[in-house]
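We count residues from 1, following the sequence as given. Since this is a predicted model, take the numbers as computed values, not measurements.
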Amino acid sequence: MITVAMVGLGLTGCVVARHLLKNSHRFELVMAAAGPHSSKSGQDLGLLLGMEPAGVAVHSAHQTIEMLEKHKPDVLIDFTRPANTLRLLRCCRSTNTKMVVGTTGFSPEQIEQLQDCTPTGVVFAPNITMGVNVLMLLARIAAQLLPNYDIEITERHHRYKRDAPSGTAARLANQMAAARDSGYVLQGRSGLGSRKTGEVGVHSVRAGGIYGEHELLLASDTDELTITHRVIDRAAFAEGALDAAEWIMGKTGFFNIEQMLLQRVNGMTLLPA
């Protein structure tokens with residue numbers, strides 16, 4: 001049985017928490033925390049999620065460190081904000097708690113701080129669905145096999161998403177640019193002038209209640225290849241988070257979901273993460 005702390009009870013965090021409670025044979029949810037001014041604080045998590053009472057009270061973010069030191073969970077699943085994630089990491093180091101980080105919007109400097117996770121283990125997943133991480137692997141292969149094709153990335157999310165481009169799109173774009181000797185990332189497109197050699201275009205759409213969609217286009221003068229990942233149910237995020245929580249047990253260091261997938265592959269030749 002893996003003991004888990006769930007921190008961040010937004011749209012995705014609540015779906016993950018519900019799956020944790022439904023998988024009580026695999027996980028024991030020992031604590032949950034919402035934002036510092038959230039009306040969810042003090043409520044029973046099960047009742048909050050429309051389920052049977054869970055016996056787990058939702059704590060305010062102000063109490064998170066105190067509760068982590070009290071419960072010392074095996075894994076913390078984090079869907080908060082970058083600054084808070086780094087604060088939690090410092091505590092997880094002292095309690096030997098692993099982390100699954102689904103938070104997005106990290107700066108390069110903050111990612112460097114997150115990578116300094118010794119002696120604990122961290123799975124960093126700005127998009128924690130399994131399918132989109134397979135897209136990442138396929139994208140790197142395509143970029144190397146189709147070196148002269150133009151690359152464009154379009155991501156679509158709900159109106160409330162705070163960061164643009166999404167963490168997934170930004171990472172995908174950087175990988176595509178790195179696959180080209182003269183590649184560089186261009187966010188959005190406006191003004192006059194034709195497309196320049198090596199551009200990796202990134203375009204963001206924010207509208208309605210779109211869960212999440214990422215499309216990679218590679219095009220030449222004669223044909224085009226499109227790879228699309230689309231979330232049709234937020235349960236995809238929960239399944240990925242729980243999978244990562246089980247996988248990180250017994251490991252130390254910084255990993256992403258692609259590395260997790262590659263370590264599971266036997267007898268296949270894939271490009272390194």
Value rounded to 0.5 Å, distance of [atom1] in [X] from [atom2] in [Y]:
{"X": "Leu48", "Y": "Arg18", "atom1": "CG", "atom2": "CZ", "result": "8.5 Å"}
{"X": "Arg189", "Y": "Glu199", "atom1": "CZ", "atom2": "CD", "result": "4.5 Å"}
{"X": "Thr104", "Y": "Lys161", "atom1": "OG1", "atom2": "NZ", "result": "3.5 Å"}
{"X": "Glu213", "Y": "Thr228", "atom1": "CD", "atom2": "OG1", "result": "6.0 Å"}
{"X": "Leu216", "Y": "Leu138", "atom1": "CG", "atom2": "CG", "result": "9.5 Å"}
{"X": "Ile153", "Y": "Leu218", "atom1": "CD1", "atom2": "CG", "result": "9.0 Å"}

Do you know the tightest heavy-atom contact between [X] and [Y]?
{"X": "Val4", "Y": "Leu29", "value": "O-CD1, 3.3 Å"}
{"X": "Val122", "Y": "Cys117", "value": "CG2-CB, 3.6 Å"}
{"X": "Ala139", "Y": "Leu172", "value": "CB-CD1, 3.6 Å"}
{"X": "Met99", "Y": "Cys92", "value": "CG-SG, 3.6 Å"}
{"X": "Leu135", "Y": "His214", "value": "CD1-O, 4.0 Å"}
{"X": "Pro82", "Y": "Thr103", "value": "N-CG2, 3.6 Å"}

Determine whether [X] and [Y] make a side-chain contact, defined as any pair of heavy atoms from C-beta on separated by less than 4.5 Å.
{"X": "His59", "Y": "Thr64", "value": "no"}
{"X": "Thr97", "Y": "Pro73", "value": "yes"}
{"X": "Val16", "Y": "Leu242", "value": "yes"}
{"X": "Asp150", "Y": "Glu152", "value": "no"}
{"X": "Gln113", "Y": "Phe106", "value": "no"}
{"X": "Tyr211", "Y": "His158", "value": "no"}
{"X": "Phe27", "Y": "Glu246", "value": "yes"}
{"X": "Phe254", "Y": "Gln115", "value": "yes"}

Going by an N to O cut-off under 4.0 Å, is there a salt bridge joining Arg140 and Glu258? yes
Say whether [X] and [Y], considering side chains only, have a donor N or O and an acceptor N or O under 3.5 Å apart.
{"X": "Asn84", "Y": "Arg87", "value": "yes"}
{"X": "Glu28", "Y": "Thr3", "value": "no"}
{"X": "Ser166", "Y": "Thr168", "value": "no"}

Does [X] [atom1] have over 12 foreign heavy atoms under 6.0 Å away?
{"X": "Arg81", "atom1": "CZ", "result": "no"}
{"X": "Lys251", "atom1": "NZ", "result": "yes"}
{"X": "Asp223", "atom1": "CG", "result": "yes"}

Compute the centroid of each ring, for Phe79 and then for Phe237, and state whether the two points are separated by less than 6.0 Å. no
Identify whether [X] and [Y] are in the same connected component of the hydrophobic contact network (ILVMFWY, side-chain heavy atoms under 4.5 Å).
{"X": "Met31", "Y": "Leu21", "result": "no"}
{"X": "Ile128", "Y": "Val7", "result": "no"}
{"X": "Val101", "Y": "Leu76", "result": "yes"}
{"X": "Val132", "Y": "Met136", "result": "no"}
{"X": "Val200", "Y": "Tyr184", "result": "no"}

[Y] backbone acceptor or donor facing [X] side chain under 3.5 Å:
{"X": "Asp243", "Y": "Glu239", "answer": "no"}
{"X": "Arg26", "Y": "Leu20", "answer": "no"}
{"X": "Glu69", "Y": "Glu66", "answer": "no"}

Met130 and Ile257: CA distance, side-chain angles, deciding distance, side chain to side chain contact (heavy atoms under 4.5 Å, CB included) verdict: CA-CA 8 Å; Met130 294 297 104; Ile257 295 291; 3.7 Å; yes
Given side chain to side chain contact (heavy atoms under 4.5 Å, CB included), test Phe124 with Leu114 step by step and report yes or no. CA-CA 9 Å; Phe124 177 56; Leu114 190 60; 3.6 Å; yes
Going through the distances and angles, do Arg93 and Thr118 end up as a side chain to side chain contact (heavy atoms under 4.5 Å, CB included)? CA-CA 7 Å; Arg93 285 195 191 113; Thr118 306; 6.0 Å; no
Kindly indicate, with the supporting measurements, whether the criterion side chain to side chain contact (heavy atoms under 4.5 Å, CB included) is fulfilled by Cys14 and Lys40. CA-CA 11 Å; Cys14 282; Lys40 297 169 184 173; 3.9 Å; yes
